[in-house]
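Lettering of chains follows the sequences in order, A, B, ..., and the numbering in each one begins at 1. It should be emphasised that the depicted structure is a prediction, and the values quoted were computed from it without experimental measurement.
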Number of protein chains: 2
Amino acid sequence: MTRVTRSRRRDDDQPEVGRRDARKQRTRRALLDAALELIQGEQSFNSISLREVARNAGVVPTAFYRHFRDMDELGLALVDESLRALRQMMREARAATLPTSHLIRRSVRTYLRYVQDNERYFQFLAKERFGGGRTIRLSIRQGIQLFISELSTDLARWPFLTKYSTEELQMFSSMIVNLMVNITELLLDTPYGDEDEVDSLAELAEQQILLIFLGTGQWIPKSERRAREAQNAATPELKP
Amino acid sequence: MTRVTRSRRRDDDQPEVGRRDARKQRTRRALLDAALELIQGEQSFNSISLREVARNAGVVPTAFYRHFRDMDELGLALVDESLRALRQMMREARAATLPTSHLIRRSVRTYLRYVQDNERYFQFLAKERFGGGRTIRLSIRQGIQLFISELSTDLARWPFLTKYSTEELQMFSSMIVNLMVNITELLLDTPYGDEDEVDSLAELAEQQILLIFLGTGQWIPKSERRAREAQNAATPELKP
DNA sequence: AATTTAAGTCAACACCTGTACACAAAGATA
DNA sequence: TATCTTTGTGTACAGGTGTTGACTTAAATT
């Protein structure tokens, strides 16, 4: 019972462009948008129903199944979409090369602006990072881990960080990324258009990142630590 | 139509101890426990139903209303319970006074141990911090802010931090607390009993906290910054 | 001992949910 | 043009949901 009649679908994964597929993509988009909109108003992704999504997309419930097997699959599609958009933005942000302090300032500002412009996606990510099902949670965390790795390789190119192992650089990066995640989540709960609040959040982020860099300046690389261990305390000590 | 018949309830808020109230407290507890248990298995708080909670507590749905107006009220009770327990634990942890590095190590270890022992509460907090309704979200954030303030006043007593303003100390504290929140959320997703993973998480937390303290050692206090501004750059600069 | 109070039960309601199935319409294929 | 394929519709069902009101039962109060 193998399928003999082959449709015009080609073997490569290029998007279809027929009039019918255009229509399909349009309602698929409508479903995704409906879900995002409902998440903003409602509580979380798994407290909205398939019927609600369909209704909000102007489509009958059963039509939903033409696009997604169930709500989980739609959720995964949203994760993918959100992270893909974010990654592209970060790639653009890294294009510019500037002196350190300006680079921090600029990166933070453009990132926060981006979050504001794509609020719906970040609301979704923030809520599902821990609230969602296991698969969704894991794919979000995996996405964040990817950002940490990318930032890590960027840091490796900075002159005053070359002496550190990749493991150490990963730690520095993860602190910065986590810090930004935190700021993001604060930003999402500030009423839209409150530019003063956004400014102070940006300033806070800059200061926190700066503090971390100041810390790295004093951090004793793992490679050097052994030598000092012989005559000194085990862990790098604070200067009182 | 003021109520004339007064029950034996006294005006102070001491807990009642009658046989009937004992019974009431018992099923109230059963409801809270049922909710916590369901949250662990299910997705999030707002995807579990009143009937489920009642059923899981061995009680008929309508009995629920004798204890909580609706699920939101139960949610708030859970927030309160979770944070109250945590605060008490932190108070105990601060009791011991030890040299700096040992104090960090000890605090981190006992905290993580506590999280493991009260996993259900922290699961709930992590999931509802962003996934829940507005009131629950806010009361959780307010609770976290309280920890930041308490840590901040503790830091103020440390000799090498006395030169900083309360605002700056708040920033340091918030970084440490947020860092620990992050570690907590990682801990919650490690399978129970994997002590090696717990150990490496503890070590990671210690290193990150240490890095922040190293940063504070290089941080130029706001009070001194003005004097340097005259002849130097605006923000404290990195030594390359 | 008589009465009041309150925790828990029972049955019922109107509503919403996910999904199955048969069908209509229109684009794609032959 | 005739046939096949696919997207979306309509109907229907079994089950779960929050909330109601009138009830039992036992402890607390008088």
Euclidean distance, atom [atom1] of residue [X] to atom [atom2] of [N] [Å, nearest integer]:
| X | N | atom1 | atom2 | result |
| --- | --- | --- | --- | --- |
| B/Arg69 | D/dT20 | CZ | P | 11 Å |
| A/Asp21 | C/dA26 | CG | C1' | 13 Å |
| A/Phe68 | D/dG8 | CZ | P | 11 Å |
| A/Leu50 | C/dC16 | CG | C1' | 13 Å |
| B/Tyr65 | D/dT20 | OH | P | 7 Å |
| B/Arg19 | C/dT5 | CZ | C1' | 16 Å |
| B/Arg20 | D/dT24 | CZ | C1' | 13 Å |
| B/Glu42 | D/dT17 | CD | C1' | 14 Å |

For the pair [X] (side chain) and [Y] (backbone), establish whether a donor and an acceptor sit closer than 3.5 Å, ignoring hydrogens and angles.
| X | Y | value |
| --- | --- | --- |
| A/Glu128 | A/Ile136 | no |
| A/Lys127 | A/Gln43 | yes |
| B/Thr27 | B/Ala30 | no |

Could you list the protein-to-nucleotides 8-12 of chain C atom pairs, N/O on both sides, closer than 3.5 Å?
| unit_1 | atom_1 | unit_2 | atom_2 | d |
| --- | --- | --- | --- | --- |
| C/dG8 | OP1 | B/Thr27 | OG1 | 3.0 |
| C/dG8 | OP2 | B/Thr27 | OG1 | 3.4 |
| C/dG8 | OP2 | B/His67 | NE2 | 2.6 |
| C/dG8 | N7 | B/Arg66 | NE | 2.8 |
| C/dG8 | N7 | B/Arg66 | NH2 | 3.3 |
| C/dG8 | O6 | B/Arg66 | NH2 | 2.2 |
| C/dT9 | OP2 | B/Val60 | N | 3.0 |
| C/dC10 | N4 | B/Thr62 | OG1 | 2.9 |

For this session: Give one of base, sugar-phosphate or nothing for B/Arg55, where a contact means two heavy atoms less than 4.0 Å apart.
Result: sugar-phosphate
Item to complete: Look at B/Arg109 together with B/Asp199 and state whether they make a salt bridge at an N to O cut-off of under 4.0 Å.
Response: yes
Determine, for B/Arg113 against B/Asp117, whether the closest basic-nitrogen to carboxylate-oxygen distance falls under 4.0 angstrom. no
So CZ of A/Arg69 and CZ of A/Phe64: to nearest 0.5 Å the spacing works out to 11.5 Å
